Amino acid sequence: MADPHQFFDDTSSAPSRCYGGQPSPGGLGYPTHSSPEAAFLADPMSNMAMAYGSSLAAQGKELVDKNIDRFIPVSKLKYYFAVDTMYVGKKLGLLVFPYLHQDWEVQYQQDTPVAPRFDINAPDLYIPAMAFITYILVAGLALGTQDRFSPDLLGLQASSALAWLTLEVVAILLSLYLVTVNTDLTTIDLLAFLGYKYVGMIGGVLTGLLFGKIGYYLVLAWCSVSIFVFMIRTLRLKILAQAAAEGVPVRGARNQLRMYLTMAVAAAQPLLMYWLTFHLVR
Amino acid sequence: MAEAEESPGEQETSPSKPLFAGLSDISISQDIPIEGEITIPVSARAHERNSSTLNESVRHTIMRDLKAVGKKFMHVLYPRKSNALLRDWDLWGPLILCVTLALMLQKNSMDGEKDGGPQFAEVFVVVWFGAVTITLNSKLLGGNISFFQSLCVLGYCILPLTVAMLICRLLLLAGQGPVNFMIRLFVVLVMFSWSVIASTAFLADSQPPNRKALAVYPVFLFYFVISWMILTFTP
């Protein structure tokens, strides 16, 4: 790369000669006859500084990318955001009315699960993330209409909801470990499934704001039952994989334990939904 | 690489260079004086411009940046299909708007702490973290817009809401009442939809058509929060 620059270098001015071999970007090495450019080129420090700066920026970007990749697997996250509007609409419908859906199996394509865009049964992180943020904002709205709002209460809501979510994830992972279930349920999958209850919570709080306590209890009850059924049907395929795949009824101590675990996880959802929203509706 | 119009008889020193591959086969028995024109690529002129901006006066630099910011304000107020906001992004405009909004929204700390209004820092944090969240969401959904471009667009589209804040403050000088509230509600609604439409015009283009609504929804939430803060502001 240095040779063409050497060839085109302006050898008429002595100081720039020694920097002719620099890997400088673009057209810096080209000789000219007009004075401003020659004066610029004759200043080797800016030449070097620019090269150093651009290499430093490239290094910095690499470092940041590598470190971010260590903590948050960005490529895996992208799978969970590969959604489109139709998927979101159908999934929201499924969350409030899962009774007619027949096939809950996630389709696979050569060992990797298909992207959520193509299969409604695949978990995604867009709905849980947006539902969480909307829940915080709706909580702020609810508190505001009751004149109980202050910005730190919003932060309190957010952190308490996050804390409950973390607790849930840790408890379920622990129990899965204790029951020695070998399942392909990853942590992010679990996070996605546990985040689906925020949709019901938002519906409950909004109805509570519009129609009072009766509306809130009705919608919450409906969404609780739906999320219970949804979780049972989804987790059954993940935790009780072998038994469910064969279609035989669950027998034996090990399978019973797994069944109880699934039911416990599913039953915890309505409880948490009530716990996190009842103080918002008066 | 620059075009060097030299006489084709010039013998190349290293024959392995692909650039002058064919020249090594040519040899001429007599000396030919070399003369010609060497043209400079555009990038060298850009470097020359950069070096000369170091020498200009401070007022000139500030005026140039302010003019760029003003031009982008015009683009936000009359949203057309143009790339100016995305191409030369800058964060000065969003900073000015955010600081103005936060200054106007902060409550008087003299009448007690539990007043229900936001502090300067809270508005600042809400705006910038909201913008960062929307950008992350947009990037994870697979949009082809860069991080800072998205921040720039979202920041500039706060302009209509800042105008709404100014109008609300002026209206509140005339006393509070239900009529006053209705007018303020109307103004804030109009400016809110203007903000959402303006930012959608820029951001939605970066997503494929079946995901536009998904990228627009958090933008809607973001401006809704800011409008809510403006609407519930009482001096």
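Below, chain A is the first sequence line, B the second, and so on; all start at residue 1. Please read these numbers as outputs of a predicted model, since none were measured by experiment.
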*Asks:* Could you go through A:Y198 and A:Y135, starting from their C-alpha distance and side-chain angles, then the distance that decides it, and tell me whether this counts as ring pair (Phe, Tyr, Trp, His ring centres under 6.0 Å)?
*Replies:* CA-CA 7 Å; A:Y198 289 108; A:Y135 160 71; 5.7 Å; yes
*Asks:* Take the angle between the ring planes of B:W128 and B:F124 and call it parallel below 30°, perpendicular above 60°, tilted in between.
*Replies:*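 Answer is tilted, since the angle falls between 30° and 60°.
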*Asks:* In terms of ring plane angle, is the pair B:F148 and B:W89 parallel, tilted or perpendicular, where the classes change at 30° and 60°?
*Replies:*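 The rings of B:F148 and B:W89 lie parallel, inter-plane angle below 30°.
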*Asks:* Of all of B:N137, B:V126, B:L214, which one pairs up most often with chain A through heavy atoms under 4.5 Å apart?
*Replies:*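 Ranked by contacts with chain A, first place is B:L214.
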*Asks:* Return the minimal non-hydrogen interatomic distance between A:V106 and A:P113, and the atom names on each side.
*Replies:*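 Looking at all heavy atoms of both residues, the closest pair is CG1-CB, 4.2 Å.
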*Asks:* Is the distance between the ring centroids of A:Y126 and A:Y80 under 6.0 Å?
*Replies:*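 No; A:Y126 has its ring centre 6.0 Å or more from that of A:Y80.
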*Asks:* Any chance you could measure B:C98, atom SG, to B:L103, atom CG, to the nearest 0.5 Å?
*Replies:*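 The CG atom of B:L103 is 9.5 Å from SG of B:C98, to the nearest 0.5 Å.
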*Asks:* When the ring centroid of B:F192 is compared with that of B:F220, is the distance short of 6.0 Å?
*Replies:*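 Yes, they do, as the ring centres are separated by less than 6.0 Å.
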*Asks:* Residue by residue, scan residues 87-97 of chain A and write down, ordered by number, those that have a heavy-atom distance under 4.5 Å to chain B; if none do, write 'none'.
*Replies:*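 Within residues 87-97 of chain A, the residues under 4.5 Å from chain B are A:V88.
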*Asks:* So what's closer than 4.5 Å to chain A heavy atoms on B:T133: side chain, backbone, both or neither?
*Replies:*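 Looking at B:T133, just its side chain touches chain A.
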*Asks:* Only one of A:V83, A:I127, A:L125 forms a side-chain contact (heavy atoms from CB on, under 4.5 Å) with A:P116, so which one is it?
*Replies:*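 Only one option passes, and that is A:V83.
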*Asks:* Flag the one option from A:M86, A:K78, A:M130 with the top tally of heavy-atom pairs under 4.5 Å to chain B.
*Replies:*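 Of the options given, most contacts go to A:M130.
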*Asks:* If you tally heavy-atom pairs under 4.5 Å against chain B, which of A:T134, A:I133, A:L77 wins?
*Replies:*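 The option with the most such pairs is A:T134.
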